[in-house]
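Following: one structure in structure tokens, then a few remarks.
If you're wondering where the values come from, they're calculated on a predicted model, not measured in any experiment. Naming convention: chains lettered A, B, ... in sequence-line order (proteins, then strands); numbering from 1 in each chain.
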There are 2 protein chains.
Amino acid sequence: MSARSSSPGQRRATILDVAAAAGVSRQTVTRAMNGMPGISQATRERVQRLAAELGYTPSRFARGLVQGANVSVGLAIPDLTNPYFPAFASSVVEEATQRGWNVVVDDYGHGAGSALDSAGRLAPQVDALIGYLGEHSRAAQAIMGRRPVVGLDDPQAEAAGSISFDYAHAARLGLGHLAEDRRRRVVFLDSDQGGIAAGRGHAVEAAARERDIRLQQIASGPSAAEARRAVTDLLAAAPDVDAILVFNDLMAAGVLKALSEGKRAVPRDVAVIGMDGIPLGELLTPELTTLSLDLRSVGRAAVGLLDGLLSGAVEAGSSAAALTLRHELVIRQSA
Amino acid sequence: MSARSSSPGQRRATILDVAAAAGVSRQTVTRAMNGMPGISQATRERVQRLAAELGYTPSRFARGLVQGANVSVGLAIPDLTNPYFPAFASSVVEEATQRGWNVVVDDYGHGAGSALDSAGRLAPQVDALIGYLGEHSRAAQAIMGRRPVVGLDDPQAEAAGSISFDYAHAARLGLGHLAEDRRRRVVFLDSDQGGIAAGRGHAVEAAARERDIRLQQIASGPSAAEARRAVTDLLAAAPDVDAILVFNDLMAAGVLKALSEGKRAVPRDVAVIGMDGIPLGELLTPELTTLSLDLRSVGRAAVGLLDGLLSGAVEAGSSAAALTLRHELVIRQSA
DNA sequence: CTGAAAGCGCTAACAA
DNA sequence: TTGTTAGCGCTTTCAG
């Protein structure tokens, strides 16, 4: 019942335990474990064997303390369950891995609070932060202090770096396509998660005005199921709708479901355009026409920007640290 | 041009810098930064303000070294781009977050090597490892030493803990359903990524023999596009196929595409059953009948098992550390 | 309410 | 080829 035995795994072996067992100095253990030169093969093997037997693993804290290196970046994401985010995360992880950085992922969906909670959890663990922080990007930067934060989809750019999307351009692309197709009764299905990207709605509205398109805006929760329900209701209230532009591809999948359920042929009766360009779109029936972002390039941009910020090549808050990416229209079957 | 000024961000501020600036001891700074008692409000605020000005952030290494706490788990995943894995990762992250652990994600797809490389990258950073390690689970455990590894979908269970799936059960469920439906000419579309889960193929074969079902096995790469191509070829070579059981849901999505392209009605002409139970299945047309795993419970099982291993409640390698989960048949439209 | 001392486990630099 | 010394930045005693 001593303090020592209360921990199930006993005290972790330290370099000193190994050194003692092998009858060498701790320095020799370091050399053996890290494949450093200046040690005989026999000693090296003996030390390594002993280390394995004792279950010795160098403490990452002690090593980090003395070596300083090892960048670890936090990735704050609203919902790994919407395929957009893993697609993005995947490219961030890939880019980070190439640089020898490691990525700590935090998902603030599923009742894990807000982006701010996420930043709070990550802050003590990481040297930098990338994330969909929405309106919290400023607060997140405050929590992180001097460590760089790259906020995505945050037009205000209140963090060290930001990646924004040119929704005005996307909206023009989408509505332009619908106009050419003589669609007269267009609906924009927005996400009701407000703040995070009200930008889309405004941009679509402006583009509609430019083109003199009659536009109705509705909103639903950001899932396929919720979008489906919203469109089912819409169809009852406004049977003459002939085009729906959707906040994102996942919701567009739900829209397609509602339409087929409501016996509307797509694109003949109703055209549908999504937004994101995730691979899911190609698997749907009909295949989804969408305003596509190259997700890999978004990840690359975010990590690249962070790299610049970290190395000092890019100044925090400068215009070089505020990137804007554009969607492109990928025409498939639904519009 | 001194060594000091060569680093773009200057030397990071330490607790001593703040203490000096505030004219207090480092202890007082610690108390101020960590909201500890025994310090006047005025001092606390002054210290915090100075800390912010200096851009001081406590070193996670120094803190970790002295506090010891803070579990961080590595998550090794083959491909964040297949929706199965994010769904799983999402629940792992959620469960871990609830315990105050943080998770470092490594994706070994996209040319980032094998599961073993992934384990190697993660090992120095984490206290435990969860992953789809396939045949490498033993080697990964060796790299991790005494730190627990939970391997998924690895029937050999050569790590401290393992989560396996009862493919025999799944296969019986799937083929049983097809048999009741009088399907006579069944194909199993396997993944050609061999090792990682040859278990599925064997199980399906055995179940077919039990039921005297004529079974053909084919294989393709593990993507929707590759599955699609494989089935297009299959249709040409064997036009009388009336049921396809597929390695996973993503590939099943490709199968559905190939079938509609080949003018086969699903399920009338050909029944399709997927495997995984990812949300994608519900978005397809027709909606995918599938052998579903409750992904959230898989994540919960993995993290729970790890928790037991870490706390000593579960002994590494014991039978309590080898969990087996079962699929259930979710009947939607495709079969 | 504040400070001084000790030490977490490791590696870099320097000796032997 | 090996060992000794010093110190990374922080928090936990224990004293004032």
Side-chain angles (χ1 to χ4, degrees), chain A residues 3-4 7 9-48 50-51 54-70 72 123-125 127 145-147, chain B residues 3-4 7 9-48 50-51 54-70 72 123-125 127 145-147:
Chain A
R4 173 155 301 178
S7 150
Q10 302 125 60
R11 201 178 101 275
R12 242 184 81 174
T14 80
I15 197 172
L16 257 25
D17 299 321
V18 179
V24 299
S25 75
R26 63 219 236 152
Q27 190 48 254
T28 298
V29 176
T30 290
R31 287 192 271 248
M33 297 302 291
N34 300 356
M36 300 164 114
I39 178 178
S40 76
Q41 192 56 23
T43 315
R44 164 163 293 150
E45 279 165 15
R46 188 164 49 90
V47 170
Q48 287 179 343
L50 256 9
L54 295 174
Y56 166 69
T57 315
S59 149
R60 67 174 178 283
F61 298 116
R63 177 180 282 167
L65 190 52
V66 69
Q67 293 194 327
N70 190 333
S72 110
Q125 317 293 339
D127 305 306
R146 290 242 195 299
R147 295 168 293 171
Chain B
R4 174 155 302 178
S7 149
Q10 300 126 63
R11 201 178 102 279
R12 241 183 83 173
T14 80
I15 197 171
L16 258 25
D17 299 321
V18 179
V24 297
S25 75
R26 61 218 241 155
Q27 193 44 254
T28 298
V29 176
T30 291
R31 288 192 271 249
M33 297 301 290
N34 301 358
M36 299 164 117
I39 178 178
S40 76
Q41 192 55 24
T43 316
R44 165 163 295 151
E45 278 165 14
R46 187 164 49 91
V47 170
Q48 287 179 343
L50 255 11
L54 295 173
Y56 165 69
T57 315
S59 149
R60 67 173 179 282
F61 297 118
R63 177 179 281 168
L65 189 53
V66 68
Q67 293 192 326
N70 191 331
S72 110
Q125 317 293 339
D127 306 305
R146 288 242 194 301
R147 294 168 294 170

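Considering only side-chain atoms of B:Ser25, the nucleotide from D:dT2, C:dA4, C:dG9 that sits closest is C:dA4.
Computed from coordinates, the B:Arg60 CZ to C:dC8 C1' distance equals 17 Å when rounded to whole Å. Summarising the geometry, the separation between CZ on A:Arg46 and C1' on D:dT2 is reported as 12 Å, rounded to the nearest angstrom. Atoms CG (B:Asp17) and C1' (D:dG9) sit 11 Å apart, rounded to a whole Å. Between the CG atom of B:Leu54 and the P atom of D:dG9 there is a distance of 15 Å, given to the nearest Å.
Interatomic distance, B:Gln125 CD to A:Arg60 CZ, rounded to the nearest 0.5 Å: 7.5 Å. From B:Leu54, atom CG reaches atom CD1 of B:Ile15 across 12.5 Å, with rounding to the nearest 0.5 Å. Put simply, CZ on B:Arg63 and CG on B:Asn34 are 5.0 Å apart, with the number rounded to the nearest 0.5 Å.
Applying the 4.0 Å criterion to OP1 and OP2 of D:dT1, one finds that A:Thr28 has every side-chain N and O outside that range. Considering only side-chain N and O atoms, A:Thr43 lies under 4.0 angstrom from the phosphate OP1 or OP2 of D:dT2.
Of the possible polar contacts, none joining the A:Arg146 side chain to the B:Thr57 backbone as a donor-acceptor pair under 3.5 Å is found. Side chain of A:Arg46 to backbone of A:Ala22: a donor-acceptor contact under 3.5 angstrom is found.
When all heavy atoms of A:Ser59 and B:Leu65 are compared, the closest pair comes out as OG-CD1, 4.2 Å.
Contacts of A:Leu65 with the nucleic acid, taken as non-hydrogen atoms under 4.0 Å apart, include base atoms.
Toward the 5′ end of DNA chain C lies the nearest nucleotide of B:Pro37, the other residue of the pair A:Ala13 and B:Pro37 mapping further downstream.
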Can you check each nucleotide of nucleotides 11-16 of chain D against protein heavy atoms at under 4.0 Å and return B for base, S for sugar-phosphate only, - for none, in 5' to 3' order? BBB---

